[in-house]
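Written below as C-alpha cells is the structure these notes are about.
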Amino acid sequence: MAALNGVRWLTRAVVAVRSPGAWRGLSISVTANAASQAQDMKVEGAFPVTMLPGDGVGPELMHAVKEVFKAASVPVEFQEHHLSEVQNMASEEKLEQVLNSMKENKVAIIGKIHTPMEYKGELASYDMRLRRKLDLFANVVHVKSLPGYMTRHNNLDLVIIREQTEGEYSSLEHESARGVIECLKIVTRTKSQRIAKFAFDYATKKGRSKVTAVHKANIMKLGDGLFLQCCEEVAELYPKIKFETMIIDNCCMQLVQNPYQFDVLVMPNLYGNIIDNLAAGLVGGAGVVPGESYSAEYAVFETGARHPFAQAVGRNIANPTAMLLSASNMLRHLNLEYHSSTIADAVKKVIKVGKVRTRDMGGYSTTTDFIKSVIGHLHPHGV
C-alpha cells in the first residue's frame with residue numbers, strides 16, 4: 001500500500017508540473033506509466049474507472065459499454081455512482097462521493113446529467129459543479145464521418161475544443177430591478193490562454209495544420225476581445241500552425257455550407273456548446289460522436305453532444321456508438337491500445353457493413369441488436 005501511494009503521489013507530482021499544457025489526456029507517457037505500475041500492483045490487475053450513468057438513455061448506454069468490455073476481456077473495473085437531479089439522486093453527499101471517486105481514479109466515463117429548467121435556489125447544476133470542482137476546463141469533440149454511413153457531408157474530420165469552466169455558464173445571475181435580470185459572462189486571461197494553448201498543443205500533437213478561434217469580439221469587445229487577444233498571443237508561439245479567426249454566426253453558416261475548411265476550432269463556453277451539437281449533426285447526430293473533457297489531472301469520457309434522449313428511455317432504441325467510441329478513447333488514454341482498437345474497429349465494422357442500424361441512423365435495429373453485432377465483430381476469426 002505504501003508503494004502504491006508513492007506511485008500515486010509521483011503521478012500527481014508529474015501532472016502538477018506539466019499542468020500548463022494539461023496533457024494527461026494527450027501525452028501520458030510518464031503519468032500513464034506510473035499509473036500503470038500502480039495498477040499492476042493490484043491483484044486483479046484492473047484499472048479502476050468511475051462510472052456515472054446519468055439520465056435519459058445514459059444507463060442503457062453504460063450497459064452497452066459494460067457488455068462490450070466484458071466480451072472483450074477489458075481489464076477495467078467500474079466503480080458506479082448515481083447522480084441525478086431529476087431522479088431524486090442528487091445531494092451534496094452524493095456529489096462528494098462522485099468527486100472522491102474521480103479524484104482517486106483520475107479517469108471517468110459519464111452519461112448526460114440532465115439539468116432541469118426550474119430554479120430551486122441553486123443556479124449551478126450538478127453537472128457544472130462537477131466540472132468546476134475537477135477543473136475540467138477543456139472539452140474535446142472529434143467530429144469524424146463514419147465509413148459506410150452516408151450523411152449530407154461525408155469524409156469530415158474536425159475537432160472542436162471548448163473552454164467549459166467560465167463564460168456564460170458562470171451561474172452569476174440576479175434580478176437587479178423588478179423584471180430585469182443581469183447574467184454575468186466571465187472571461188479571464190488565465191483561462192483564455194490556457195484553452196488556447198491546449199488547442200495549439202492538441203493540433204501539434206495530432207498533426208493538425210490549422211486552429212480557428214471562434215468569437216463575437218465585434219459585439220462583446222472586452223469579453224470576447226480578451227479571449228481573441230489571448231488566442232492571437234498563443235498563436236505566435238506556434239508558427240507552424242496556421243491561425244485564423246471567425247465570428248460565431250459566420251462560423252455556424254460556414255460549418256453548414258463548407259465544413260471541410262475547418263481543422264481545429266477553439267472557442268468559449270456557450271459557443272462550444274452550440275457548435276458541438278451543430279457539428280455532430282453533420283455526421284449523423286448525438287448518437288455517433290464521442291467526446292472527452294480534461295483537467296491537468298483528470299480525464300472524463302462522454303458523448304460529444306450531451307443529449308439525454310429522454311423520449312427513448314426503456315424502448316431499447318438508443319444508439320450506443322458515441323458512448324462505445326468514447327469508451328474506446330478512454331482505453332487509449334489508459335494505454336490499453338489493443339483493447340481500444342479492438343472495440344473501435346468492431347463498432348466501425350458494424351456501421352460499415354450496414355446491416356444493423358438504430359432508428360437515428362435510418363434503421364430498425366434495437367440497442368441490443370447493435371451490442372450483439374459489435375460483440376460479434378470483436379473476434380471476427382473466432383479467436
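This chain uses plain numbering: 1 for the first residue, then up along the sequence. These numbers were taken from a predicted model, which means no experiment stands behind them.
Residues S171 and R132 form a side-chain contact, since some pair of their non-hydrogen atoms from C-beta on lies under 4.5 Å apart. At least one side-chain heavy atom of I161 sits under 4.5 Å from a side-chain heavy atom of I195. Inter-residue side-chain proximity for T204 and K240 is flagged as unmet; no heavy-atom pair is nearer than 4.5 Å. At a threshold of 4.5 Å between non-hydrogen side-chain atoms, the residues L331 and F69 count as touching. In this structure the side chain of K348 never reaches within 4.5 angstrom of the side chain of I351, judged on heavy atoms. Looking only at side-chain heavy atoms (C-beta outward), F47 and V107 stay at 4.5 Å or farther from each other. Within the 4.5 Å cutoff, the side chain of P268 has no heavy atoms near those of the H215 side chain. Inter-residue side-chain proximity for T245 and C231 is flagged as unmet; no heavy-atom pair is nearer than 4.5 Å.
Checked against ring pair (Phe, Tyr, Trp, His ring centres under 6.0 Å), Y238 has the following partners two or more places apart in sequence or in another chain: F200. By the side chain to side chain donor-acceptor pair (under 3.5 Å) test, S73 is found to be paired with no residue, residues two or more places apart in sequence or in another chain being considered. Among residues two or more places apart in sequence or in another chain, the side chain to side chain donor-acceptor pair (under 3.5 Å) test is passed with H142 by D157, R208. With sequence neighbours left out, S373 forms a side chain to side chain donor-acceptor pair (under 3.5 Å) with no residue at all. Every residue two or more places apart in sequence or in another chain was checked for a side chain to side chain donor-acceptor pair (under 3.5 Å) with R357, and none qualifies.
Expressed to the nearest 0.5 Å, how far CG of N250 lies from CD of Q254 amounts to 4.5 Å. Here the NE2 atom belonging to H377 is positioned 13.5 Å from the OG1 atom belonging to T342, to the nearest 0.5 angstrom.
Residue I247 is not grouped with residue M253 when hydrophobic side chains (ILVMFWY) are merged at heavy-atom distances under 4.5 angstrom, including chains of intermediate members.
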Enumerate, atom names and distances included, each donor-acceptor pair closer than 3.5 Å involving a side-chain atom of residues 216-227, sequence neighbours excluded.
unit_1 : atom_1 : unit_2 : atom_2 : d
K216   : NZ     : D249   : OD1    : 3.4
K216   : NZ     : D249   : OD2    : 3.1
K221   : NZ     : N218   : O      : 2.7
D224   : OD1    : K185   : NZ     : 2.5
D224   : OD2    : K216   : N      : 2.7
D224   : OD2    : Y271   : OH     : 2.6

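No hydrogens or angles considered: a donor-acceptor pair under 3.5 Å links the side chains of S340 and S328. Residues N155 and S145 bring no donor and acceptor atom of their side chains to less than 3.5 Å of each other. There is no side-chain donor-acceptor pair under 3.5 Å between Q79 and T50. A side-chain N or O of T366 and one of D369 form a donor-acceptor pair less than 3.5 Å apart.
Other residues, nucleotides and ligands place more than 12 heavy atoms under 6.0 Å from the CZ atom of R189. Sparse packing is recorded around CE of M150, with 12 or fewer heavy atoms of other residues, nucleotides or ligands lying under 6.0 Å away.
Judged by distance alone, the side chain of K210 and the main-chain N or O of Q261 form a donor-acceptor pair under 3.5 Å. With hydrogens and angles disregarded, a donor-acceptor distance shorter than 3.5 Å links the side chain of S170 to the backbone of G167. A donor-acceptor pair is defined here as one N or O able to donate and one able to accept, closer than 3.5 Å; no such pair exists between the side chain of N258 and the backbone of L255. A distance-only check finds a donor-acceptor pair linking the side chain of T151 to the backbone of L282 [under 3.5 Å].
Residues C230 and A196 approach most closely at O-CB, 4.4 Å, considering heavy atoms. Contact record, E166 with N269: O-ND2, 2.9 Å, taken as the closest heavy-atom pair. Residues S293 and E302 come closest through the heavy atom pair OG-OE2, 2.7 Å. Counting all heavy atoms, side chain and backbone alike, P239 lies closest to E236 at CD-O, 4.0 Å. In plain terms, the two heavy atoms of H82 and L52 that are nearest each other are N-CD1, 4.3 Å.
Tested against V356, the residues I371, V350, V374 include a single side chain to side chain contact (heavy atoms under 4.5 Å, CB included) partner, V350.
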Could you walk me through whether E292 and R332 pass the salt bridge (charged side-chain N to carboxylate O under 4.0 Å, His left out) test, one step at a time? CA-CA 12 Å; E292 52 221 52; R332 185 170 294 110; over 6 Å; no

Please step through side chain to side chain contact (heavy atoms under 4.5 Å, CB included) for the pair I110 and F301, ending with a clear verdict. CA-CA 6 Å; I110 67 174; F301 297 84; over 6 Å; no

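Taking the six-membered ring where tryptophan is involved, the planes of Y294 and H333 are tilted, since the angle between them lies from 30° to 60°.
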